Amino acid sequence: MKIFDAQDEYTKTKELRLEDVRALQEWVAKQPHMPSISESLLIAFFQSCYWSMEQTKAAIEKFVTWRAAWPDFFANLDLPHLRSAIDQNLATVLPIPSKEGYKLFYHKLMIPDSARYTPAELIKLADMVLVQDVMEKGPYGGLIMVSDLTDYDAAHILKVRVAESRRCLKYLQDAVPLRLKALHCVVSGKVLEILIPLIKPFLNRTLLGKLHFHHSYEALFKRIPQDAFPKEIGGKQPSLKELHENMKIALVENVDFFKDVEKLIANDALRDRSNLSVDSELGVGAQGSFRKCNVE
């Protein structure tokens, strides 16, 4: 896979300064627990954190530390290991953006069989697709995630462990090198009653405002143009089958890239623990409780 050209980013992005990226490279080099991080990935983090040096460092810390601590999400990125999840799930960035120019990530079950459903492997697959997209295409203004849960039933939702929900949401909130703008879920009322108690305790105020539940696609289309979605849903994009096949092809073509991604983990045995705030900052506990989710 051809990684996006860092030099192009310096040319087209006025907020991106070479001296800032060099400072990040020097900081990474001085951290004994850090893996090697490419200039392109550092730029993706810096952009996703709106050019804040301290927020970028915090996001990188969490990214490499959590990827090391949670191998069920981030290790074994080989296709044979993920064959069942790849066959069962469509996870893709849709061909056209939202009206704001944000990229649209879309997930849907292709095989509804709850016996085959493994939430951790779906999280792994979605992360692979997102990391691949940003490293191939370069940083972009924002990302909207859309998850079609209309084929989920109670058996699917009850396989989601509280710890998995907690870790996934923390990772999305604090560590992904993307500007997450919104998460939309199309879901039936019965499933929603089970789902909200699982995730509600782990949402910070920022993510709570970005999370929206819809009882139908018609409600979703009030937020995101229908044309952006596959044909079966009334959109103008390729069919679900075509998108699923394209996802599989991209994964096969980029197996070497994912081997490199697996190496983006911290070596905790080498971490400098003299700064206790680092360990505190990397805690996975969610703060606060909230009364209302956005249901439409």
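These numbers come from a predicted model, not from an experiment.
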Side-chain (Glu262) to main-chain (Asp78) donor-acceptor, under 3.5 angstrom: no
Taking every non-hydrogen atom, the tightest pair across Lys124 and Phe74: CE-N, 4.2 Å
Side chain to side chain, Met145 and Leu172, heavy atoms closer than 4.5 Å: yes
Under 3.5 Å donor-acceptor, Thr56 side chain and Cys49 backbone: no
CE-NZ distance between Met135 and Lys2, expressed to the nearest 0.5 angstrom: 11.5 Å
Check: Gln7 and Glu39 side chains under 4.5 Å, non-hydrogen atoms: yes
Ring geometry between Tyr217 and Phe221 (parallel below 30°, tilted from 30 to 60°, perpendicular above 60°): tilted
Main-chain N/O of Pro119 paired to His156 side chain as donor or acceptor, under 3.5 Å: no
Check: Gln132 side chain, Asn254 main-chain N or O, donor-acceptor pair, under 3.5 Å: no
Qualifying residues under side-chain contact (heavy atoms from CB on, under 4.5 Å), relative to Ile123, sequence neighbours excluded: Phe73, Cys168
side-chain contact (heavy atoms from CB on, under 4.5 Å), paired with Tyr106, selected from Ile233, Val93, Ile224: Ile233
Ring geometry between His212 and His184 (parallel below 30°, tilted from 30 to 60°, perpendicular above 60°): parallel
Atom pair SG/CG of Cys185 and Leu211 - distance to nearest 0.5 Å: 5.5 Å
